[in-house]
Amino acid sequence: MDIYNGGTLNVLTDDCTIENADCGIDIYSGSILNNGNNTLTIKNCRQAGLWGDNTTTPIRNILCDNTSTSSYQNGAISVSGSTSAPRISRVTVKNSWLGLKIGTSTTNPMACVDSSHIQPNTQEGIAVLSNCRVDLNGYNNIYHSSGYKALNNPSTGSIDAQYNYWGSSANPPTWSDIISFPDVVTKTNYVTTPYDSTSVAGVYKRALIAENQKSLYEQAENLETSGYWRGALDIYGNLLTQEKNPGDRQFIILSILRICDNSSHDYSGLRGVVTDELKIASTWQKASLDFILCDLLLREGRPNEARDAYLKKMEDYKGTAMEVEMLTRVAQINGDYLHDKAQAKVYAERAALLNPGQESLRLAYASADMNYNPWQYTDKFKKGTFGLQPEPETAKNIVKEYVTISPNPANPLTTITYSLASPTKVRLDIFAVNGQKVVTLVEGTVSAGVHAVKFDGSRYGSGLYFYRFASDRFTKTGKMMLLK
C-alpha cells in the first residue's frame, strides 16, 4: 500500500491488518498515516512492514510481526530520505529479522522513538546508519539477538537514550555489549525491568518529570506531541542558536520540518533557516540541506519547480550517491505527481546506471510501475560517505552478465536469453553469413535482470547466421544455425 503526493491513509478500525506483501506500507513525500489510537497490524511482509521515505508522519500504534528478511536487510520499520524525521511511538516489533532501521548508505534521516517494544529475532534492535540520528529518550524496551547490538549506532553524533530497558539481566547493563558506540549515548537513566508490553501496541506510561528537570529538547517534544506547535518551534529555534554540533543542528532543522508538515505547511521560515545553515555547512550536511530546499517546493505543491530544482542542484554532486538520490526523487515526481510514467522510468534508469545497489531505486522504479530489487546488486558507496567515488566491485558481488541461445540449431524458433546487472542500452541484431543485417530484435534501454527474446526463422533460408549483442557494459557475437 502506497501513500504519497501529500495523501493521508486513514485507518478507521482497531483490527486493520496488512499482510503477505513485499512492503506493507510505503509512506513518502510528506504524506500522513492517520490511525490515531487504533492498532494497525502488519504481518509477513518480505522487504519491510513499513517504509517511510522523506516523511515526517507520526508512526504509532503499529504491530509488525515477522517482517523483513535477511535477503533485504531492512527493519520491520525502515526510515530513509534526507527529509525524514518521523516520531515512532507505541510500536511493537516481534519475529522480525531487524527491528528498526534508520537511514540508508546515502540519506540522512532522523527519528524519535518512544514507548515502543522492539524485539527482533535475528539481528539488532535498532540500526542507525552513519550521519543519521535517533532520539530514544522515551521508555522503550529494546532487545537484540545473540551476537548483535540492541543499538547499532554511529559514532558521529550524540544519542539521547535515557529511560529505556535494554533487555539485559545485568545491572547495570554491559554497555559495550549492547551499544556499538556507548560513549556518544546518554544512557545514565535506564530502567531494570521492561515496561508492560502485554497489549498489542504496549501500555507504556511516562514517568512524571518535574518541569525544572526537563531539558529544552524534552520540553519541545512534549509541546509538539500535545499539538502546541508555536511553542515547540520557539524552543527549537532557541536550540539552533546554541548548538554547535552539525548533527544536532540537522536534528533540530528536521524537527522544525516535521512541525511544518504536521501543522501549518508554511515553510517560509524554515527556508530561511536552511539557507542560513548552508553558509556554514559542508560535506553530508550541505548535501542534505540542498535536498531539503528542493523538497520544500514539492511540499508546497510545486512539483514542476521541485523537479527542475533537483535537476539543477544535482550537478553539484556529480559522481556521488546524492546525485543518485536526487535522480530518484525526480523519477518519483514525474511518476507520482506529474503522472508521467515514461519519464519516471527514464530517470530511474539514469540513477540505476550510476549505482544499481542504492536502496532508493526501489521507489524510483515503483513510480514507473516497475519492480526493482536493489539488494541483488552492489551498493557502490560506503555507508555514510556519499561524497566518495564508487567502491570497486568485487567479483562475488557482481551480478553475472551473459548471453545464451537455445535451441541451436533453430528449427525455426529459438530464444536468446541475456542477463543485465543494471539498466543499460541494449541492441541485439541477427546477421546473415555475408554480413547483411537480417533483423533487429532489441533496441533501447532495458532494465536489470534476465530477459528473453524469440527469433522466428520461418521467413529466412536455412544456413549459418550470427547474432550480435551489445550493451554499455559488454558485447558478444555468436553463431546460430537455422534448419527448416
Going by heavy atoms in the side chains, are [X] and [Y] under 4.5 Å from each other?
| X | Y | result |
| --- | --- | --- |
| Ile280 | Glu277 | yes |
| Lys94 | Cys64 | no |
| Asn141 | Ile118 | no |
| Ile62 | Thr39 | no |
| Thr92 | Ser116 | no |
| Val93 | Gln119 | no |
| Leu136 | Ile126 | yes |
| Leu40 | Leu63 | no |

Sequence neighbours excluded, the answer for ring-ring contact (aromatic ring centres under 6.0 Å, His included) partners of Phe291 is Tyr310
With Tyr365, which residues qualify under ring-ring contact (aromatic ring centres under 6.0 Å, His included), at least two apart?
Tyr372
Check the angle between the aromatic planes of Tyr139 and Tyr163 and answer parallel, tilted or perpendicular using the 30° and 60° thresholds.
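Answer is parallel, since the angle falls under 30°.
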Flag the pair [X] and [Y] as a salt bridge only when some basic side-chain nitrogen lies within less than 4.0 angstrom of an acidic carboxylate oxygen.
| X | Y | result |
| --- | --- | --- |
| Lys313 | Asp316 | yes |
| Arg362 | Asp26 | yes |
| Asp290 | Lys286 | yes |
| Arg329 | Glu325 | no |
| Arg350 | Glu323 | no |

Using modelled atom types and a 3.5 Å cut-off, is there a donor and acceptor pairing between side-chain atoms of [X] and backbone atoms of [Y]?
| X | Y | answer |
| --- | --- | --- |
| Asn371 | Asn373 | no |
| Asn95 | Pro120 | no |
| Gln123 | Ser145 | no |
| Ser226 | Tyr228 | no |

With [X], which residues qualify under salt bridge (Lys or Arg N to Asp or Glu O under 4.0 Å), at least two apart?
| X | answer |
| --- | --- |
| Arg307 | none |
| Glu19 | none |
| Arg271 | Glu300 |
| Asp22 | Arg46 |

Ring center gap for His117 and Tyr143 short of 6.0 angstrom:
yes
Any pair counted as salt bridge (Lys or Arg N to Asp or Glu O under 4.0 Å), so long as it reaches residues 122-146, sequence neighbours left out:
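For residues 122-146: Arg133-Asp248.
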For residues 62-86, which residue pairs pass the salt bridge (Lys or Arg N to Asp or Glu O under 4.0 Å) check, not counting sequence neighbours?
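Qualifying pairs, neighbours excluded: none.
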Any residue meeting side chain to side chain donor-acceptor pair (under 3.5 Å) with [X], in chain and number order, not counting sequence neighbours:
| X | result |
| --- | --- |
| Gln343 | none |
| Trp51 | Ser80 |
| Asn44 | Asn66 |
| Asn121 | none |

Give a yes-or-no answer on whether the side chains of [X] and [Y] include a donor-acceptor pair shorter than 3.5 Å.
| X | Y | result |
| --- | --- | --- |
| Ser68 | Ser96 | yes |
| Glu218 | Asn222 | no |
| Tyr337 | Asn304 | no |
| Ser84 | Asn54 | no |
| Asn152 | Ser180 | yes |

Kindly compute the distance separating CG (Leu327) from CE (Met322), expressed to the nearest 0.5 Å.
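Spacing of CG (Leu327) from CE (Met322) equals 11.5 Å.
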Inter-residue atom distance Leu293.CG - Asp295.CG, 0.5 Å rounding
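Separation between the atoms: 10.0 Å.
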